[in-house]
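In what follows, every heavy atom counts, from backbone to side chain, and hydrogens, waters and symmetry copies are set aside. To find a chain, count down the sequence lines: A is the first, B the second, and so on, and within it residues start at 1.
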Number of protein chains: 2
Amino acid sequence: MKTHTESEENYIKALYHLGGGRPVSNGDLAQRIGAKGSSVTQAVRRLGQKDLVNVVPYKGVQLTPQGIRLAKSILRKHRLWETFLVDKLGFGWEEVHPLAEQLEHIQSEELVDRLFQFLGSPKHDPHGDPIPERDGQMPPVLGQPIGAFTAGTEIRIVRVEDAGSEFFDQLDTMNINLGNTYEIRAISAFDSSVELGSSAGTFWLSQNMCANIYAVQS
Amino acid sequence: MKTHTESEENYIKALYHLGGGRPVSNGDLAQRIGAKGSSVTQAVRRLGQKDLVNVVPYKGVQLTPQGIRLAKSILRKHRLWETFLVDKLGFGWEEVHPLAEQLEHIQSEELVDRLFQFLGSPKHDPHGDPIPERDGQMPPVLGQPIGAFTAGTEIRIVRVEDAGSEFFDQLDTMNINLGNTYEIRAISAFDSSVELGSSAGTFWLSQNMCANIYAVQS
DNA sequence: AATAAGGTTTAGCTTTGCCTAAAATAAAAG
DNA sequence: CTTTTATTTTAGGCAAAGCTAAACCTTATT
């Protein structure tokens, strides 16, 4: 696998995030990258010449199989580094994203393999997102939104969406972490907020919170 | 402290390596960086505008106090990452340099501090080189070349020079590691090679090997 | 079907960072 | 003290990546 610039890798990552294998519009990509449309046009042309994307002018850009492979390898690195930062260095989950964004560009297969081992061959990162395997396979995406369960169910938190630092702060102050278990006490018919109970007591979660917290029955 | 490009940081690092605080010639710098003289002229001009170096055309370039501070902070990161790669991920010392060269550009004070703690606040890296402190202080440079001791002395290996991968390979095959202790059995008057002894037996080290291995009396 | 609106691309400019070839300067040799 | 040699700097190019403004497609509206 050849070597790519950070900018190229960022475009590939954005493309994967926005479309997976499907076409993405210039505008959406520009927004995601934080650049102007004209810059994006140029950038995707470069990527096209490297066979990482297919470009249809005025229509959209689409990752090639090669591009998808690259995207996954970057995502793998990103999530492994996040795991390292949280599990080993004790960072909070809201802090790790920008750091992982730098670390994901480090080029070394060997390093990734060793890091993976060092972390205990994790399948999911600290947010519960699946870490792509070496060969590109994806572990399952875990859980369903809390609101999808029925009252009385015992649940375990397995994943949280990246919904901005305020969301993470809120999780911290409410002391909600991956692995925590609760009983669903009630679901409001009025605003879909949810009452959770544990040995420590009970509390209500707003609909907006619930939508970004995923759990499994336990 | 502002943010710098990787190229800038590489120049600063090279300048520090070659001259510390003293002036360095365009040519030496070019050689070290692996670029042409004309590129160097441009680059140092840019650094000059950021007050990281003082440039006297046709004479030489010299780090400013600011530049020295930056150089040390990069070196600190480099050596901490090398320590991480060897101590935690199990890399061999000959493999870590190019990786640390990438990792040293990661920008985050917090990350460096946490890494430092995680590694047990090391004073020296896996080669025995001093790791600059947070405030720029330098721990002592350890040891003297093996040939400087007299026969009969008990020594402990504390540092090895970065003398290329063949040198490291040789160390590996001879099973020589930092912390190993030996008795100096003899020093050849003919070629300055040295006979070392341990519980495992005795062996001879060439003058070239000795020159790159540093030890203290123990 | 004609046109207005919105999104996309082209054209042309900027900076970083490297290159080659030519000019300028410093240092060494006569 | 002049000349040769070696080093350094200027001049002019090129590629990556971004920008603005203008031109160009698509699509949606009349």
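At least one side-chain heavy atom of Pro130(A) sits less than 4.5 Å from a side-chain heavy atom of Arg79(A).
A cation-pi arrangement is present between Arg76(B) and Phe116(B) under the rule of less than 6.0 angstrom and at most 45 degrees off the ring axis. Both tests pass for Lys88(B) against the ring of Phe118(B): distance under 6.0 Å to the centre and angle within 45° of the axis.
Taking atom OH on Tyr58(B) and atom P on dA6(D), their separation rounds to 17 Å, with Å as the unit. One interatomic measurement links the two molecules: CG of Asn26(B) to P of dA6(D), which rounds to 17 Å at whole-angstrom precision. When the C1' atom of dT7(D) is taken as reference, atom NZ of Lys59(B) falls 12 Å away, rounded to whole Å. Atoms CZ (Arg45(B)) and C1' (dC18(C)) sit 14 Å apart, rounded to a whole Å. Atom NE2 in His4(B) sits about 13 Å away from atom P in dT16(C), given to the nearest Å. In this structure, the CD atom of Gln31(B) is 11 Å from the P atom of dT7(D), given to the nearest Å. Between Ile12(B) atom CD1 and dG17(C) atom P there is a gap of 12 Å when expressed in whole angstrom units. dT8(D) atom P lies 10 Å from atom CG of Leu29(B), rounded to whole Å.
Ion pairing between a basic and an acidic side chain is recognised when a charged N comes within 4.0 Å of a carboxylate O; Glu133(B) and Lys72(B) show no such pairing.
Residues passing the side-chain hydrogen bond (donor to acceptor under 3.5 Å, both in side chains) test with Arg114(A), sequence neighbours excluded: Glu110(A).
Side chain of Asn180(A) to main chain of Asn175(A): a donor-acceptor pair is present (N/O by atom type, distance under 3.5 Å, no hydrogens or angles).
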Show each protein N/O and nucleotides 17-19 of chain D N/O combination with a separation under 3.5 Å, one pair to a line.
{"from": "dA17(D)", "atom 1": "OP1", "to": "Thr5(A)", "atom 2": "OG1", "distance (Å)": "2.3"}
{"from": "dA17(D)", "atom 1": "OP2", "to": "Arg46(A)", "atom 2": "NE", "distance (Å)": "3.0"}
{"from": "dA17(D)", "atom 1": "OP2", "to": "Arg46(A)", "atom 2": "NH2", "distance (Å)": "3.4"}
{"from": "dG18(D)", "atom 1": "OP2", "to": "Tyr11(A)", "atom 2": "OH", "distance (Å)": "3.2"}
{"from": "dG18(D)", "atom 1": "N7", "to": "Gln42(A)", "atom 2": "NE2", "distance (Å)": "3.2"}
{"from": "dC19(D)", "atom 1": "OP2", "to": "Lys36(A)", "atom 2": "N", "distance (Å)": "2.8"}
{"from": "dC19(D)", "atom 1": "OP2", "to": "Ser39(A)", "atom 2": "OG", "distance (Å)": "2.8"}

